[in-house]
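To keep things clear, I will list the structure first and then write my remarks on it.
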Amino acid sequence: MATRKEHTAARTSRENHNQKRTLDPAEEKISSETGRAGLHPRASVRIDVFEEKMTIACDFALTRKYERRDGKKPQHWWSPEIPQLRSRCTAARRALKRAVARQNRDSSETETMKHLLENLRSSKRGLKILSDAPKEMYRNSLFSFLR
């Protein structure tokens, strides 16, 4: 049979175990600074580790939506083919300008000029068609929604 001293020690141990743990002032300051007041500091560290691991997992599994540096929103009609057509159009325009400068000096190459001009026109036409088709589709869907 347990002695009175042992019984009292066991009761005190149970009472201490059931009491809510209070943080000392330094721990309280750390918890309030991290926005986790009342949490045990080790719990706060575990939460930080969990958040870090979840961020890594999400970065790996999900594609991140990149924001533009100029703050503009991406256009709904933009497609991956448009930059290629724009660069072709720019190259055709520059080639035509160089040919015009050469023709002014040499007074020749008329056939080449016609070819370069037609190339520039077809590049512009392709770019316009590629960018206007999605715009028209979205415009029509908006009008049908409004009706």
Could you pull out all donor-acceptor pairs under 3.5 Å where a side-chain atom in residues 115-124 meets a protein atom, sequence neighbours excluded?
| from | atom 1 | to | atom 2 | distance (Å) |
| --- | --- | --- | --- | --- |
| S122 | OG | E118 | O | 3.3 |
| S122 | OG | N119 | O | 2.9 |
| S123 | OG | N119 | O | 3.0 |

> By side-chain contact (heavy atoms from CB on, under 4.5 Å), which residues pair with E81, not counting sequence neighbours?
Replying inline: S79, L130

>> Could you report the tightest heavy-atom contact between V100 and M113, atom names first, then the distance?
In response: CG2-CE, 3.2 Å

> Please, which pairs that meet side chain to side chain donor-acceptor pair (under 3.5 Å) have at least one residue in residues 85-97, sequence neighbours excluded?
Replying inline: none

>> If you compare all heavy atoms of S144 against all heavy atoms of S141, which two are closest, and at what distance to 0.1 Å?
In response: OG-O, 2.9 Å

>> By the side chain to side chain donor-acceptor pair (under 3.5 Å) test, which pairs, at least two apart or in different chains, include something from residues 129-140?
In response: K128-D132, E136-R139

Contacts table for residues 53-62: side-chain donor-acceptor under 3.5 angstrom, sequence neighbours left out:
| from | atom 1 | to | atom 2 | distance (Å) |
| --- | --- | --- | --- | --- |
| T55 | OG1 | E51 | O | 2.8 |
| D59 | OD1 | R64 | NH2 | 2.3 |
| D59 | OD2 | R64 | NH2 | 3.3 |

>> Other members of the hydrophobic cluster containing F145, with the 4.5 Å side-chain heavy-atom rule, please.
In response: L142, L146

